[in-house]
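Written out below as structure tokens is the structure these notes cover.
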Amino acid sequence: MLGNFSYCNPTKLYFGEGSVKHLADELKKYGDNVVLIYGGGSIKKNGIYDDVVRILSDAGKNVAEIEGVMPNPTMKKVYAGIEIARKHQADLLLAVGGGSVCDYAKTVSVSVNCREDPWEKYFMRFEEPDCETLPVGCVLTMVGTGSEMNAGAVITNTDRKLKIGKEFKDEKIMPRFSILDPKYTLTLPEYQMVAGIYDIFNHICEQYFSGSDDNTSDYISEGLMRSVITSGRAAAIDPQDYEARSNLMWTATWALNTLIDRGKTTDWMVHMLGHAAAAVTNATHGMTLAAVSLPYYRRIMPYGLQKFVRFAVNVWGIDASGKTDGQVAAEGLEAMENWMKEIGAVMHLADLGVSDDMIDDIVSGTLIMKGGYKVLDTDEIRSIIEESM
Ligand code: NZQ
Ligand code: ZN
């Protein structure tokens, strides 16, 4: 491990069936004014809203609500939320939902006392907050993003046709606590479950496919990937399999809570391509990643061949004997492709609503990252998008 780093993750987790009861203890740490933030209504249908509201009411909290936070939350919705949080003089932002709701809450948190335009400051200039931020708590209902234990937020600006992620450096932006009840995820539509499974897997790939030193992070990543593969298969066969769903929930958290990127440059190009595709289609996050992944990895494989060989052998169990490195690496990606199809991931951008006339916007909306095995140029990005169609 050759990098230098610090490590601190202050998010307190409560995991397991019924763990929402711990919300009562957490609420004691904050003032009376809570803003409850949720999505398009799933929590009202499956009873999670009632669970949370009962606890807030027993705690005597004064609650305002921000409802209707959409998947791929927009900046317009953020501006509206900032007003509500200001008016309510919020002491705590309580996100009940998936990554979209949690990211949204973090963005409101850093914006309530910000004197500049938050889109320009955080998502265009990638600056850090220099104002007081509000604490965020999370009750997670959808598994995949890791937003429950990180300081990331991804926001879409529909006018600008841009979807941009910002990872805040200050641990204060991470949720102060997150409640992870796997049972809460059992009502997810299968499409969302599968999107989440591939999102987890790809988060690990994005961190794994970088660097050439012997790094503990890579060994942890291989274990996490094997767990996602096993539990993903089991959940695809039986989405009500609690054991599989609970493993997926815990793995998702560890896949993107800053642990496995320690000492790594990290890649994140699949996410940049996926975000650009989502900015013009509003497609589901994990599926945009699935559609671009194989054309991307096949293109960069020669530049990081040894890591792709290791991936094939240690993650997919490919027998390397008598084969060239190129063959082993290719077999690893083939095994990954078969697994993605087996769990029901979307393998083509065209199936997510991308048409040929959108390709220019996707290419220009793709940020180029420099931490992976190959720094892409615009022509390569265009080819990858075309091959992903
Ligand atoms: O809005 P409701 O009605 O609640 O429905 C949601 C939504 O339609 C539904 N859902 C969630 N929990 C449910 C449920 N339906 C039934 N039962 C439940 N228990 O699922 C749909 C998707 O929810 P969403 O929050 O959008 O999904 P996800 O958790 O995948 O979040 C996606 C967003 O997170 C960003 C993505 O780019 C995207 O904007 N990401 C955030 C990251 C981070 N903070 O570190 C990293 C990721 O790579 C990702 O970019
Ligand atoms: Zn992701």
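First listed ligand is number 1; within each ligand, the first listed atom is number 1. Predicted model, so just to flag it, every value in this text is computed and none were measured.
For ligand 1, the atoms sitting less than 4.0 Å from at least one non-hydrogen atom of Asn72 are 38 (C), 39 (O), numbered in the order shown with element in parentheses.
Side-chain atoms of Lys163 and Asn72 form a donor-acceptor pair, as typed in the model, at a separation below 3.5 Å. No side-chain N or O of Asn62 forms a donor-acceptor pair with one of Asp32 less than 3.5 Å apart. When only modelled atom types and interatomic distance are considered, Thr11 and Glu148 share no side-chain donor-acceptor pair under 3.5 Å.
Taking all heavy atoms of Ile155, Thr145, Leu186 into account, the minimum distance to atom 46 (C) of ligand 1 is reached by Thr145. Counting heavy atoms only, Pro71 comes closest to atom 7 (C) of ligand 1 of the residues Ser147, Gly152, Gly98, Pro71. Taking only non-hydrogen atoms, the option from Lys163, Met142, His285 nearest to atom 30 (O) of ligand 1 is Met142. Between Ala153, Ser42, Gly39, it is Ser42 that holds the heavy atom closest to atom 6 (C) of ligand 1. Of the candidates Ser100, Ala195, Cys102, it is Ser100 that places a heavy atom closest to atom 24 (P) of ligand 1.
At the top of the distance list for atom 35 (C) of ligand 1, counting protein heavy atoms only, stands Asp103 OD2, 3.5 Å. The protein heavy atom nearest to atom 9 (C) of ligand 1 is Leu188 CD2, 4.2 Å.
Remark: of the listed residues Ser100, Pro175, Cys102, Cys102 is the sole one forming a side chain to side chain contact (heavy atoms under 4.5 Å, CB included) with Ser147.
Between Trp316 and Phe311, the angle of the ring planes goes over 60°, which puts this pair in the perpendicular group of the 30/60° scheme. Taking the six-membered ring where tryptophan is involved, the planes of Phe209 and Tyr373 are perpendicular, since the angle between them exceeds 60° and thus also 30°.
Between His203 atom NE2 and His271 atom NE2, the angle centred on the Zn ion (ligand 2) amounts to 90° (nearest 10°). Centred on the Zn ion (ligand 2), the angle running from Asp199 (OD1) to His285 (NE2) is recorded as 90°, rounding to 10°.
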